[in-house]
Amino acid sequence: MSGRYIAFEGVDGAGKSTVAEAVAEQLRADGRQVVTVREPGATAVGEAIREILLHSHDDLVPWAEALLFAAARAQLAEQTLRPLLEAGAWVLSDRSVYSSLAYQGGARGLGVDIVRTVNAAGLSGVWPDLVILLDVEPQTGLAREEDTDRIGAEGLALQQRVAATYRELSASDPRVVSVDGAGDVASVVAASLQQIGERFDESV
Ligand code: TYD
């Protein structure tokens, strides 16, 4: 696959979608073919699963939640990401498998390794090349949120476990780089572009 798959990650309200869109604009201005996607969602199947996961069914058990995220992701990988990456596109994703590692694996306590294994089975090699972790305090993120979904509504303790797992991942997984997400959008975008340039050894 000749494209690039870059995921933006962080606690709820970290600013991923704003930063991902702004980074995409900059990369497009430099002449690259860039597509943005979000998880869960981006395919018809994925958007239907998103509705179950985030806006209904308060009684979802942790493994049902984890497997639904993985199912939406498998659909996205096969239907959308693989063809784009094979065609040489740059894909910028608002969340990825790393959200499942942090939220379901770490914060829900299912285990990062087993959640990674289950997801890898559905992804057949479609895996982010670079993960940009927007590091913000969970309190700051929750305060920024206008509409909280089912998982965001669970509150601070969950987000703190999510943040701790992201930090462990950024220390142990060379694909994950951390960017200070507390500043203004322009500086977070600039720091993200710098990481992308360094990782792919190009000027962006
Ligand atoms: P998102 O739409 O990115 O919301 P926000 O802008 O609030 O971060 O994500 C929706 C929620 O789903 C968010 O609480 C994180 C959660 N999530 C998981 O728990 N596991 C996953 O694998 C993914 C993709 C998201």
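Both counts, for ligands and for their atoms, begin at 1 and track the order of listing.
Salt-bridge check for Glu47 with Arg38: passed, with a basic side-chain N closer than 4.0 Å to an acidic carboxylate O. The existence of a salt bridge linking Glu65 and Arg150 is confirmed by a sub-4.0 Å separation between a basic side-chain nitrogen and an acidic carboxylate oxygen.
Nearest residue to atom 10 (C) of ligand 1 from Ile151, Val115, Asp149, Asn119 is Asp149 (criterion: closest heavy atom). Relative to atom 7 (O) of ligand 1, the option among Arg108, Glu9, Lys16, Glu145 with the closest non-hydrogen atom is Glu145. When Arg144, Arg73, Arg150 are ranked by how near their heavy atoms come to atom 24 (C) of ligand 1, first place goes to Arg73.
Within the 4.0 Å heavy-atom criterion, neither part of Glu65 lies near ligand 1. Heavy atoms of Leu54 found under 4.0 angstrom from ligand 1 belong exclusively to the side chain. The proximity of Gln159 to ligand 1, defined as any non-hydrogen pair under 4.0 Å, does not occur for either the backbone or the side chain. Contacts with ligand 1 closer than 4.0 Å are made by no heavy atom of Val97, backbone or side chain. With a 4.0 Å heavy-atom cut-off, ligand 1 is reached by no atom of Arg38.
Checked against a 3.5 angstrom limit, the closest N/O atoms of Asp12 and ligand 1 fall inside it. Some N or O of Ser100 is nearer than 3.5 Å to an N or O of ligand 1, by distance alone.
Contact annotation: the side chain of Tyr103 never approaches that of Pro62 to less than 4.5 Å [non-hydrogen atoms, C-beta and beyond]. Here the side chains of Ile6 and Asp129 are not in contact, with every heavy-atom distance at 4.5 Å or above. Between Pro128 and Glu9, every side-chain heavy-atom pair lies at or beyond the 4.5 Å cut-off.
No donor-acceptor distance shorter than 3.5 angstrom exists from the side chain of Arg116 to the backbone of Tyr98, with no hydrogens or angles considered.
The closest side-chain donor-acceptor pair between Ser96 and Glu39, if any, does not fall under 3.5 angstrom.
Checking each of Thr117, Asp173, Thr165 against Val112 for a side-chain contact (heavy atoms from CB on, under 4.5 Å) leaves exactly one that passes, namely Thr165.
Nearest protein heavy-atom contact of atom 9 (O) of ligand 1 is Arg95 NE, 3.2 Å. Atom 2 (O) of ligand 1 has its closest protein heavy atom at Arg50 NH2, 2.8 Å. What sits closest to atom 17 (N) of ligand 1 on the protein, heavy atoms only, is Phe69 CZ, 3.3 Å.
Taking CG of Leu130 as the start and CZ of Phe8 as the end, the distance is 8.0 Å to the nearest 0.5 Å.
For ligand 1, the atoms sitting less than 4.0 Å from at least one non-hydrogen atom of Gln104 are 18 (C), 19 (O), 20 (N), 21 (C), 22 (O), numbered in the order shown with element in parentheses.
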